[in-house]
Amino acid sequence: MLSEFDLIKQFFKRERPGRADLGIGDDCALLTPTPGRQLAISSDMLVEDRHFFKDADPFMLGHKSLAVNLSDLAAMGARPLGFTLALALPAADPVWLAGFSRGLFALADAHDCELIGGDTTKGPLNICITVFGELAPGHALRRDAAQAGDDIWISGTLGDARLALAGYWKELALPDEDHAQAAQRMHMPAPRVALGLALAAQPIARAALDISDGLVGDLGHILAASRVGATLDADALPAGPVLARQEQALRRRFTLAGGDDYELCFTAPVSNRTAVLGAGRISGTPVTRVGRIDAEAGLRFVDAQGAPLDMKLSGWDHFS
Ligand code: ADP
Ligand code: MG
């Protein structure tokens, strides 16, 4: 049976030079921030049966646990530095731990983000990661920075993760191949770190967030914080490849109020359109313009012809 310390040593402590002055093993990790930079810090917790199914694949769970955290850094325009991992495990299962740590470190290494510490305890499976990043002061893509007249943009595509969930819940029948493709989006989200960095560089964008609970609900946070409204073109929203093959009503519903997308929604002045497209290009991330910020409060929808649409949609809320 693995002890707590064997477990940490075997699966989480790595013998390689890192960015931290002191990593796993002492009471605290020590990290020296780049002079003149601001720290960006965020935590996200994943709970069994809430955020993932019992018996979820450990490799994908390792990936997703870090991905949702890196997505928050991306949405702020911060460069990842390191992260801590607080883990409650029902048992020290080496097979599970090997898969989990492989998925975790594959993504961590891709973003040069070092595991610098954490906590390990026995309990119902619960994964809490805190990430640390840095950015130039004044360049953070804050939710309160949108201005009337700004364009609204979306990275990548929306709705395939929600479509996969609908498949698991048997809300609709999908061919196996389609479901597998959509489920990949749900289990292995790609945090848009490179795009976030490019958008924060000038900065090109004003406000940004990552879409975890559906575009409508999440955009609502920008509108509330910035005291503005918006008009979205429901038919301009980029649907995931599987959702794009479904009928229009479902496409609109899942692109607007899906969940688990981890794409960025951001606003930028009209004069920065070329710069936004350039940021998409250099980061290898598709970007689509989907609407505009209005001085008038509230969220309105139009179709491709600009005709108003009447839609009642809301975001995901864990307590409703
Ligand atoms: P303390 O009792 O001071 O909280 P612990 O005994 O819990 O320290 O942890 C020992 C060391 O291992 C610490 O440096 C801690 O940051 C690290 N650690 C514990 N659990 C994990 C984990 N799941 N991943 C990475 N580091 C961890
Ligand atoms: Mg501890």
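Numbering of ligands and ligand atoms starts at 1, following listing order.
Near Asp119, meaning under 4.0 Å from any of its heavy atoms, are these atoms of ligand 1: 7 (O), 19 (C), 20 (N), 21 (C), 23 (N). When each atom of ligand 1 is checked for a heavy atom of Asp27 under 4.0 Å away, the hits are 3 (O). Close contacts of ligand 1 with Phe5, meaning ligand atoms under 4.0 Å from a residue heavy atom, involve 6 (O). Taking every non-hydrogen atom of Thr120 and a distance limit under 4.0 Å, the qualifying atoms of ligand 1 come out as 19 (C), 20 (N), 21 (C), 22 (C), 23 (N).
Remark: of the listed residues Asp151, Thr231, Asp150, Asp150 is the sole one forming a side-chain contact (heavy atoms from CB on, under 4.5 Å) with Ile293.
Polar contact check, Ile116 against ligand 1: no nitrogen or oxygen pair lies under 3.5 Å apart.
Only side-chain heavy atoms of Ile8 come within less than 4.0 Å of ligand 1; its backbone N, CA, C and O stay farther off.
Phe266 does not carry Arg206 over the face of its six-membered ring by the limits of under 6.0 Å from the centre and within 45° of the normal.
Thr120 and Glu4 form no side-chain donor-acceptor contact under 3.5 Å, judged by distance and modelled atom types alone. The closest side-chain donor-acceptor pair between Arg79 and Thr34, if any, does not fall under 3.5 angstrom.
From Cys265, atom SG reaches atom CG of Asp210 across 10.0 Å, with rounding to the nearest 0.5 Å.
Ring pair Tyr168/Phe53: centre-to-centre distance below 6.0 Å.
When the heavy atoms of Asp26, Leu104, Ile24, Leu97 are ranked by distance to atom 13 (C) of ligand 1, first place goes to Asp26.
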